[in-house]
Amino acid sequence: TRTLLTVLDACADSGDVARAREFKNRVLNWKERIVDGRERVDGVSDAEAAWNGVAKAHALSEDPLSAIAVLREMEDCPHHPSKPSQVSYNIAIQACQRGGRPDWARALIARMRKIAARTGDRSMYPDAVSYTTTARAEAAAANAASLPAAASRGALCSSGAAGAPS
């Protein structure tokens, strides 16, 4: 199981959604596997690790915002459901950063707080990764918004870089 999850993670790192989904299915449908063998070590079930790999693949793909749909898919899967964890939400927040949607990242943080308050699960509260990634998304959006204004004022030199020597 660990080997297949490692391959799944490699697919996720390259944004290969199709192969990540294929390996998720192989891991979770493999009859001879040691079910949740890593759970004692790191507290993560096979289903959670596999679904997080799929979410990560989406987050690093050409369509990063598609990772958000994986949160619902995790819960609604009829054969191998998994409750999205703080890690799952942080992956989705990273997708919002890559997709240029800091407003969606803020909404996910608000959802995490609501889940934690409603369930009493303190591990669902946003952590430093949640907030830092959201702050980076906000900064990137602010920078992107300021570039057209700077260009219209002639602040960019002919090479395209502000303040670059000519």
Side-chain angles (χ1 to χ4, degrees), residues 1-31 33-141:
T1 305
R2 189 173 294 256
T3 301
L4 288 177
L5 287 171
T6 301
V7 173
L8 189 159
D9 194 55
C11 295
D13 283 340
S14 66
D16 189 340
V17 172
R19 284 199 175 104
R21 285 185 174 279
E22 175 188 337
F23 278 100
K24 175 208 44 108
N25 291 334
R26 287 172 101 176
V27 166
L28 298 179
N29 294 319
W30 181 24
K31 302 264 187 265
R33 74 184 166 101
I34 298 172
V35 177
D36 295 334
R38 62 184 272 165
E39 194 164 19
R40 280 181 281 125
V41 177
D42 58 14
V44 178
S45 70
D46 293 344
E48 181 184 344
W51 278 111
N52 283 346
V54 169
K56 181 179 174 183
H58 278 273
L60 297 174
S61 74
E62 293 294 317
D63 181 18
L65 297 174
S66 64
I68 296 167
V70 176
L71 296 176
R72 174 76 61 207
E73 194 179 349
M74 287 173 76
E75 293 181 302
D76 294 345
C77 178
H79 304 290
H80 303 286
S82 181
K83 185 178 84 170
S85 65
Q86 182 188 72
V87 171
S88 310
Y89 275 90
N90 283 342
I91 292 167
I93 291 168
Q94 178 193 24
C96 294
Q97 176 191 1
R98 288 195 71 241
R101 294 304 305 252
D103 53 330
W104 290 10
R106 289 190 309 271
L108 288 171
I109 283 180
R111 185 186 305 173
M112 291 173 75
R113 285 189 201 127
K114 286 180 187 172
I115 291 168
R118 184 181 71 241
T119 64
D121 182 357
R122 297 181 56 79
S123 71
M124 279 305 296
Y125 278 108
D127 64 355
V129 172
S130 313
Y131 290 113
T132 302
T133 305
T134 300
R136 287 184 180 144
E138 294 282 1

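Cys77 is not listed as a side-chain neighbour of Glu73, based on a closest heavy-atom distance of 4.5 Å or more. Annotation: side chain of Asp63 is not in contact with side chain of Val17 (no heavy-atom distance under 4.5 Å). Proximity of Gln86 to Ser123: side-chain heavy atoms (C-beta onward) are nowhere separated by under 4.5 Å. For the pair His58 and Arg21, the minimum side-chain heavy-atom distance is below 4.5 Å. Residues Lys56 and Asp9 are in side-chain contact: their nearest non-hydrogen atoms beyond the backbone lie under 4.5 Å apart. Side chains of Asn52 and Ile91 form a contact here, defined as non-hydrogen atoms less than 4.5 Å apart.
Of the inter-residue distances, the one linking Leu8 atom CG with Asp13 atom CG reads 10.0 Å to the nearest 0.5 angstrom. Between atom CE of residue Met74 and atom OG of residue Ser82 there is a gap of 4.0 Å, rounded to the nearest 0.5 Å. In this structure, Thr132 OG1 and Arg136 CZ are separated by 6.0 Å, a value rounded to the nearest 0.5 Å. Taking CD of Glu138 as the reference point, atom CG of Asp103 lies at 8.0 Å (rounded to 0.5 Å). A distance of 13.5 Å separates OG1 of Thr134 from CZ of Arg101, quoted to the nearest 0.5 Å. To the nearest 0.5 Å, atoms CG (Leu65) and CH2 (Trp104) are separated by 5.0 Å.
Residue Ala12 comes nearest to Leu60 through the heavy atom pair O-CD1, 3.4 Å, listed as atom of the first residue, atom of the second, then distance. Across every non-hydrogen atom of Ala47 and Pro81, the tightest pair is CB-O, 4.2 Å. Taking each heavy atom of Ala20 and Val54 in turn, the nearest pair found is O-CG2, 3.9 Å. Nearest heavy-atom pair across Ala105 and Ile93 is CB-CG2, 4.0 Å. Considering every non-hydrogen atom in both Ser85 and Met124, the closest pair reads C-SD, 3.7 Å. Taking every heavy atom of both residues into account, Leu71 and Pro84 meet most closely at O-CG, 3.4 Å.
Judged by distance alone, the side chain of Arg98 and the main-chain N or O of Ser61 form a donor-acceptor pair under 3.5 Å. Remark: side-chain polar atoms of Ser14 are paired, donor with acceptor, to backbone N or O of Cys11 under 3.5 angstrom.
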Please list, one pair per line, the donor and acceptor atoms closer than 3.5 Å that link side chains of residues 109-118 to other protein atoms, with sequence neighbours excluded.
| unit_1 | atom_1 | unit_2 | atom_2 | d |
| --- | --- | --- | --- | --- |
| Arg113 | NE | Tyr131 | OH | 3.4 |
| Arg113 | NH2 | Tyr131 | OH | 3.1 |

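A side-chain donor from one of Asp127 and Ser130 sits under 3.5 Å from a side-chain acceptor of the other. Between the side chains of Asn25 and His80, no donor-acceptor pair of N or O atoms lies under 3.5 Å.
Within the structure, the salt bridge (charged side-chain N to carboxylate O under 4.0 Å, His left out) test picks out the following pairs touching residues 78-88 (sequence neighbours left out): Lys83-Asp121.
Environment of CZ in Arg19: sparse, with no more than 12 heavy atoms of neighbouring residues, nucleotides or ligands closer than 6.0 Å.
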